[in-house]
Amino acid sequence: MSVPDYMQCAEDHQTLLVVVQPIGIVPEESFFRIYKRISAVSQVNVRDSQRVLYIRYRHHYPPENNEWGDFQTHRKVVGLITITDCSSAKDWPQTFEKFHLQKEMYGSTLYDSRLFVFGLQGEIAEQPRTDVAFYPSYDECETVEKRIEDFIESLFIVLESKRLDRATDKSGDKIPLLCVPFEKKDFVGLDTDSSLLLGLKRHYKKRCQGRMRKHVGDLCLQAGMLQDSLVHYHMAVELLRSVNDFLWLGAALEGLCSASVIYHYPGGTGGKVGSRRAQGGSLSAEAGNRHRPGAQEVLIDPGALTSNGINADTSAEIGRAKNCLSPEDIIDKYKEAISYYGKYKNAGVIELEACVKAVRVLAIQKRSMEASEFLQNAVYINLRQLSEEEKIQRYSILSELYERIGFHRKSAFFKRIAAMQCAAPSIPEPGWRACYKLLLETLPGYSLSLDPKDFSKGTHRGWAAVQMRLLHELVYASRRMGNPALSVRHLSFLLQTMLDFLSDQEKKDVTQSLESYTAKCPGTMEFITLPDGLKLPPVPFTKLPIVRSVKLLNLPTSLRPHKMKSLLAQNVSTKSPFIYSPIIAHNRGEERTKKIDFQWVQGDVCEVQLMVYNPMPFELRVENMGLLTTGVEFESLPAALSLPAESGLYPVTLVGVPQTTGQITVNGYHTSVFGVFSDCLLDNLPGVKTNGCTVEVIPALPRLQISTSLPRSAHTLQPSSGDEISTNVSVQLYNGETQQLIIKLENIGTEPLETLEVTSKTVNTKEKLYGDFLSWKLEDTLSQFPLKPGKIATFTVNIKVKLDFSCQENLLQDLNDDGISVSGLPLSSPFRQVVKPRVEAKPVNPQESSKAGDFSHVKTLEAILNFKYSGGPGHVEGYYRNLSLGLHVEVEPSVFFTRVSTLPATSTRQCHLLLDVFNSTEHELTISARNNEDLILHAGECQRMAIQVDKFNFESFPESPADGTQFANEKQLEEERQQAKGLEINSKLDICWKIISFHKYLL
């Protein structure tokens, strides 16, 4: 026997082998449809008996295996069913002739045969025949199953007659010697009746008796007489052991094992649990003790056997049950039988099949280590030169058996060998599809899954080197199959999951291969469905590059929306009355879904910052990188970047524009790397830090851009409130000078600008200002509103600087001539140095003035103009924006009053006010006062000017804290009094200066 049946199991010993074959040209689909119906009749209850017949169907069976039918009767083809198409009566004789030729192939062993003819109608089809059944078509054949049952009953009749004929003790008859094919040549010409030695003749007779007992045991087992077969097997073992007939002794032991397995495991060992029913009622009493260890071999007198296998003596039944081997003894007998088979090189197939049967039993007994020993023995059994198809089958079955006993990696090893055998160089047309399918089946054994999510759950499982080899083989097999999309998917999976185990050179090689594949077929995020229904999930490149953190950025300060204070209180959250609660579930999922405390605006560009890392040893080019969002319609603006080799953390900003309002959640990002498009979700990125990924998008607001007539300032204002200044401008003015600032307001957004409020605030100055530093009229600008997108409005601001013009703080403190009380001028001076009082009628020398104070010192004033504006849908919802303009003013000194005194006038109601005026500029200027001639001062010159004025009356000003309870203290009261007096003096004097060459003047 040269062709092993790897699907053999112990319970097959009780089956009758029936071959079902087509004759002529029969459609394959139609044949297997009928074959499926025929094979469904696999067991039949024998009429008027408690026995059950089991049938094993095959649509292909090698005739040479049939020659071993005497050795083990379950290998003998006892039934033949042929199926044919015959549409006309003239083809019938030829068809029937083919049927007879087919019977001759198995003629020596056949018990009965049947011919099923489809398509033939008429007189021939109406003739009653037992061996031929006619059907109009493959759809009109309702009686097929009934015909098969009748056919099986006819097989039983023949089987039973053979059993009875050979089981009957005919001591006077000569018992024939049963032989296996390779033994027949050894007994050719041997005359057992001649002058043989008495011992040799007895030896020969025992051999004949032992082999026949074993043969009868097989027939009993097939006929449903389990206990009788056990007795015959025991007797055969004793007879054959006494004559050292090892081959048949092994067969008798294997038969004993098979009968015992059928008794202990009525569900079968072939993997189909419940496929076989429990045996006769005589065994049911022992069902509870089927796995009782230590059962002994108790031989029963052959006289206890009856013709139908049923004995009314129940005590004998108990004895028969003891002939069954225990589960432990079954394996020992299998080992012994296999050792006997191993003595004969021509019995390699028998030995291999016995190993397979023992493994199936051990798998049920969960004795994996012993099963592996049998399998290891099966691997090294030397058969004839096997064809490639037989090698594939052998390795596949070994893999299946290793899988059954829990040796998953060993199973995968043999499955992979079978896959490689499908594409062996010796095969003219390699089966790459079969190779690919078998390789896929090896993945679980190597702890390998084609779902990349399984590789982000912690430590790596399995041997990475073996896994990479297997993935490379999958890539190659899919390419040879002509499926480039599969090659790209497997190569992407290799790069994504095995990146940490690849050397630098391997990384370069894999990426180069991937780029060559994707040039023809780009990688996508679609599922790939294989012909067998398996779906390969997409493989996003979450490690190319590696993302360490994701941060949603607030809008620039000038574009951030603010809620009206009147509406803000309505949206205050009242989730908990407590300021802090320790009972908060902090997990990554909640962290990513928590809402951020700032808003984005519909139609404005929004930013998300990623900190990325390039793990590759070469420059990584990432194309089409953008955001993945849900909740709001979002236009992602893709970016392209190039990361240096093995770079550190590198910031990448991804931008997009929300098109609608509501809650938007940033779920991840998409990339295109090496021609593979990836959608990388944050939930699948372990260890990514984020400040939250959900933000509110409010309705659209206008965008205001300002430009001024002044140059930009190099000084950046840093207000104490922390607000950022969008634009800074600077100007240089002389003390007392006034200048207009023209501001252009341009609406660069898409919504109309409807409201505008302007406020100002002086910052970062210790100087005391007098009068309005910044003044404007907003009505002229508002008259141009609503300002449509792209339109410009103008806004004028008057900048007026008035600081202290005195060179010392207490310049007027000692003036009290003629009872006239004159207070100091209303501006405080930074030149707080002490100057000698009253230099009698002497003009002040410029050099001396310089000693008294630094008249060239430049002072700085800073202010912020804040534009609060709104419009469009955002204005309806109560939102607005702030835009700030920083103003940096450098104040240069113009004129100083170095000395003030008074003289009586001709009228008692008037007096002469004497002022010493110093020109600290580098230009010629004129000084004028009310009802007085202009005084010309050259650069650095000091002159005295006299102004006749009415005497001042300060009695209306409070003199003590008691009279001014609205002031906090005496110092504050004094400051208010001084300021009020200064304003009164200024209104009476109306002093102005003017630089003639610049036309700059003070009002």
**OP:** Mind running side-chain hydrogen bond (donor to acceptor under 3.5 Å, both in side chains) on Glu328 and Gln365 for me, showing each step along the way?
**Re:** CA-CA 9 Å; Glu328 292 78 10; Gln365 296 179 359; over 6 Å; no
Original post:
Roughly how far, to the nearest 0.5 Å, is OG1 of Thr73 from CH2 of Trp68?
Top reply: 14.5 Å
Original post:
Does Trp248 have its ring centroid less than 6.0 Å away from the ring centroid of Tyr340?
Top reply: no
Original post:
Between Phe32 and His59, is the ring centre distance below 6.0 Å?
Top reply: yes
Does a sphere of radius 6.0 Å around [atom1] in [X] hold more than 12 heavy atoms from other residues, nucleotides or ligands, not counting ones at 6.0 Å or beyond?
X      : atom1 : value
Lys206 : NZ    : no
Asn382 : CG    : no
Arg241 : CZ    : yes

Original post:
With the threshold set at 4.0 Å, does a side-chain nitrogen-carboxylate oxygen contact exist between Glu353 and Arg75?
Top reply: yes
**OP:** Classify the ring geometry between Tyr344 and Phe182 as parallel (under 30°), tilted (30 to 60°) or perpendicular (over 60°).
**Re:** tilted
**OP:** Please work out whether the ring planes of Tyr436 and His490 are parallel, tilted or perpendicular, with thresholds of 30° and 60°.
**Re:** tilted
Original post:
Taking the six-membered ring of Phe151, is NZ or CZ of Lys146 closer than 6.0 Å to its centre and within 45° of its axis?
Top reply: no
Original post:
Is there side-chain contact between Ile81 and Ser113, with at least one heavy-atom pair below 4.5 Å?
Top reply: no
